[in-house]
Amino acid sequence: MSTHAPQAAQAVTLPTTLDEAVAALAAMPAAVPVAGGTDLMAAVNSGQLRPAALVGLNKISEIRGWQYLDGHALLGAGLTHARMGRPDFAALIPALAAAARAAGPPHIRNAGTLGGNIASAAPTGDALPVLAALEATLIIAGPGGARREIPVSHLLAGVDMLRAGELIGFVRVPLLHAPQVFLKATGRTGPGRAVASVALVLDPARRGVRCAVGAIAPMPLRPLEAEQWVAQLIDWDNSRAIVPEALSAFGEYVAAACIPDAAPGEDGTVPPLPPAVLHLRRTVAALARRALGRALS
């Protein structure tokens, strides 16, 4: 902790297994789990959070790697952005590796973890649209060795939240063995912080396209109709060819779905969107168009 933290934690527990960490949280309901601490310390230093106790997760080796399981990759929640950005991981899940490499300066990538990115659920979290597009699921560890699995989108949308004493243990990601792309646009909101981001993955087995837009809403947005529309235009049997005009149309479709026009007024006229919103819509359209073009090239 920095010297200007409003209040130091009263106790620090360093478990070595996931179940020990869950037990520590159950024994200290006011404790806060911490891995990289990139979001936690910002909240502490700003006075938004004063944890009575901390449960450190960095000594839990079982959540700091990954393994293969039934056509999926089982990713430990303790994987750092720096580790996910390496070539061997990029060969496994390219879009998630690209998001990890774009997650900020080196000290953030070295400390920040996949589980922390999910648990904090910040709209600008780079991993979140990738996990949404991949339709990843979370394996949650609970008291008494309990495990349950939920879609990552359910946690981000608040449909299914972490319960008392639970921790994100692993992230299950399908291995599609097909092109994946992550792109983001940054502005003056902070170093490397996204103004808008797009994750796009191809699913040749289902002849599908999955896209998620991040940073423009509290959770990643899936333009489902745009996905289904463009998937029908791709020649899956001929090098995944598509007419150039469809790329631009897809970008506009995605942007309009995620940033719709204003509601009509009483007289039936549709008021124009503010210039800043129009610029954001154009940014999303450009990212979606480029992402699909790269995936199909």
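Side-chain atoms are counted along with the backbone in the values below, which use heavy atoms only and exclude waters and symmetry mates.
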Chemist: Identify the two heavy atoms, one from Val22 and one from Gly165, that lie closest to each other, and give their separation to 0.1 Å.
Modeler: CG1-O, 3.1 Å
Chemist: CD1 of Ile60 to CG of Leu14: how many Å apart, nearest 0.5 Å?
Modeler: 9.5 Å
Chemist: Are the side chain of Asn110 and the backbone N or O of Pro106 linked by a donor-acceptor pair below 3.5 Å?
Modeler: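 Yes; judged by distance alone, with no hydrogens or angles, the pair exists.
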Chemist: For Asp126, is there an ion pair with Arg193 - N to carboxylate O distance below 4.0 angstrom?
Modeler: no
Chemist: Salt bridge (charged side-chain N to carboxylate O under 4.0 Å, His left out) for Asp261 and Arg281? Distances and angles first, verdict last.
Modeler: CA-CA 10 Å; Asp261 291 328; Arg281 183 192 270 189; 2.8 Å; yes
Chemist: Can you tell if the side chain of Val173 reaches within under 4.5 Å of the side chain of Trp66, non-hydrogen atoms only?
Modeler: no
Chemist: Looking at Cys258 and Val213, what are the two nearest heavy atoms and their distance?
Modeler: SG-CG2, 3.7 Å
Chemist: Could you report the tightest heavy-atom contact between Leu156 and Pro220, atom names first, then the distance?
Modeler: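 Closest approach of Leu156 to Pro220: CD1-CD, 3.8 Å.
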Chemist: Walk me through whether Phe182 and Leu200 qualify under side chain to side chain contact (heavy atoms under 4.5 Å, CB included).
Modeler: CA-CA 7 Å; Phe182 171 79; Leu200 187 140; over 6 Å; no
Chemist: Indicate, with yes or no, if Leu176 and Leu202 share a hydrophobic cluster defined by side-chain heavy-atom contacts under 4.5 Å among Ile, Leu, Val, Met, Phe, Trp and Tyr.
Modeler: no
Chemist: To check you understand the geometry: which heavy-atom pair defines the closest contact between Ala24 and Thr13, and what is its length?
Modeler: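 What the structure gives for the nearest pair is CB-CG2, 4.1 Å.
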Chemist: Return the minimal non-hydrogen interatomic distance between Ala103 and Ile108, and the atom names on each side.
Modeler: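 Scanning both residues completely, I find the closest heavy atoms to be O-CG2, 3.7 Å.
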Chemist: So do the side chains of Pro33 and Leu25 get within less than 4.5 Å of each other, counting heavy atoms only?
Modeler: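 They are in contact (side-chain heavy atoms under 4.5 Å apart), so the answer is yes.
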Chemist: Verify salt bridge (charged side-chain N to carboxylate O under 4.0 Å, His left out) between Asp203 and Arg210, making sure each step is shown before the conclusion.
Modeler: CA-CA 8 Å; Asp203 188 349; Arg210 300 209 293 268; 3.0 Å; yes
Chemist: Would you confirm whether Asn238, through its side chain, and Ala241, through its main-chain N or O, come within 3.5 Å as a donor-acceptor pair?
Modeler: no
Chemist: For residues Trp229 and Phe250, establish whether the separation of their ring centroids is below 6.0 Å.
Modeler: no
Chemist: Can you tell me how far apart CG (Leu287) and CG (Leu183) are? Round to the nearest 0.5 Å.
Modeler: 6.0 Å
Chemist: Kindly work out whether a path of hydrophobic side-chain contacts (I/L/V/M/F/W/Y, heavy atoms less than 4.5 Å apart) joins Val181 to Val230.
Modeler: yes
Chemist: So do Val32 and Val55 actually touch side chain to side chain, heavy atoms under 4.5 Å?
Modeler: no
Chemist: Could you give the distance from CG (Leu114) to CD1 (Ile118), rounded to the nearest 0.5 Å?
Modeler: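 So the gap between those two atoms works out to 4.0 Å.
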Chemist: Under 4.5 Å between any side-chain heavy atoms of Ile259 and Val277, yes or no?
Modeler: yes
Chemist: Could you go through Asp237 and Arg207, starting from their C-alpha distance and side-chain angles, then the distance that decides it, and tell me whether this counts as salt bridge (charged side-chain N to carboxylate O under 4.0 Å, His left out)?
Modeler: CA-CA 10 Å; Asp237 298 317; Arg207 300 195 171 205; 2.6 Å; yes
Chemist: For the pair Arg240 (side chain) and Asp235 (backbone), establish whether a donor and an acceptor sit closer than 3.5 Å, ignoring hydrogens and angles.
Modeler: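 Absent.
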Chemist: Look only at the side chain of Gln180 and the backbone of Ala95, and say whether a donor-acceptor pair between them is shorter than 3.5 Å.
Modeler: yes
Chemist: Under a 4.0 Å N-O cut-off, is there an ion pair linking Arg147 with Asp19?
Modeler: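 Yes, this pair counts.
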Chemist: Shared ILVMFWY cluster between Leu69 and Ile93, side chains joined below 4.5 angstrom?
Modeler: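 Cluster IDs for Leu69 and Ile93 differ.
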Chemist: Could you tell me whether the side chain of Trp236 and the main chain of Ala231 form a donor-acceptor pair under 3.5 Å?
Modeler: yes
Chemist: Donor-acceptor pair, distance only, cut-off 3.5 Å: does the side chain of Glu62 make one with the backbone of Leu18?
Modeler: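 Answer holds: yes.
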Chemist: Verify side chain to side chain contact (heavy atoms under 4.5 Å, CB included) between Thr113 and Leu57, making sure each step is shown before the conclusion.
Modeler: CA-CA 11 Å; Thr113 62; Leu57 307 178; over 6 Å; no
Chemist: Would you check if the side chain of Glu166 reaches a backbone N or O of Leu162 as a donor-acceptor pair within less than 3.5 Å?
Modeler: no
Chemist: Tell me, do Leu155 and Ile168 make a side-chain contact under 4.5 Å, heavy atoms counted?
Modeler: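 Leu155 vs Ile168: side chains touch.
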Chemist: Indicate yes or no: at least one non-hydrogen side-chain atom of Leu92 is less than 4.5 angstrom from one of Tyr68.
Modeler: yes
Chemist: Would Val209 end up clustered with Val201 when hydrophobic side chains under 4.5 Å apart are linked, directly or stepwise?
Modeler: no
Chemist: When you measure from the side chain of Lys184 to the backbone of Val198, do you find a donor-acceptor pair of N or O atoms at a distance under 3.5 Å?
Modeler: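 No; judged by distance alone, with no hydrogens or angles, the pair does not exist.
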Chemist: Hydrophobic cluster mates of Val243, side-chain heavy atoms under 4.5 angstrom, ILVMFWY only, any path?
Modeler: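 Members besides Val243: none; it forms no cluster.
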Chemist: Using the rule that Ile, Leu, Val, Met, Phe, Trp and Tyr join whenever any side-chain heavy atoms are under 4.5 Å apart, tell me whether Leu175 and Leu79 fall into a single cluster.
Modeler: yes
Chemist: Val284 and Ala196: which non-hydrogen atoms are nearest, and at how many Å?
Modeler: CG2-CB, 4.0 Å
Chemist: Walk me through whether Glu252 and Ser248 qualify under side chain to side chain donor-acceptor pair (under 3.5 Å).
Modeler: CA-CA 6 Å; Glu252 298 296 335; Ser248 296; over 6 Å; no
Chemist: How long is the straight-line distance from CG of Leu96 back to CE of Met84, given to the nearest 0.5 Å?
Modeler: 5.0 Å
Chemist: Between Tyr253 and Pro223, is there a side-chain heavy-atom distance shorter than 4.5 Å?
Modeler: no
Chemist: Any chance you could measure Glu227, atom CD, to Leu292, atom CG, to the nearest 0.5 Å?
Modeler: 11.0 Å
Chemist: Out of curiosity, Leu74 CG to Ile63 CD1, how far, rounded to the nearest 0.5 Å?
Modeler: 11.5 Å
Chemist: Report yes if some heavy atom in the side chain of Leu75 is under 4.5 Å from a heavy atom in the side chain of Phe170; otherwise report no.
Modeler: no
Chemist: If the threshold is 4.0 Å, N to carboxylate O, is there a salt bridge linking Asp88 and Arg83?
Modeler: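 Yes, charged N to carboxylate O under 4.0 Å.
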Chemist: Which donor-acceptor pairs under 3.5 Å do the side chains of residues 127-145 make with protein atoms, sequence neighbours left out?
Modeler:
from, atom 1, to, atom 2, distance (Å)
Glu135, OE2, Arg222, NH1, 3.3
Glu135, OE2, Arg222, NH2, 3.4
Thr137, OG1, Glu149, OE2, 2.6

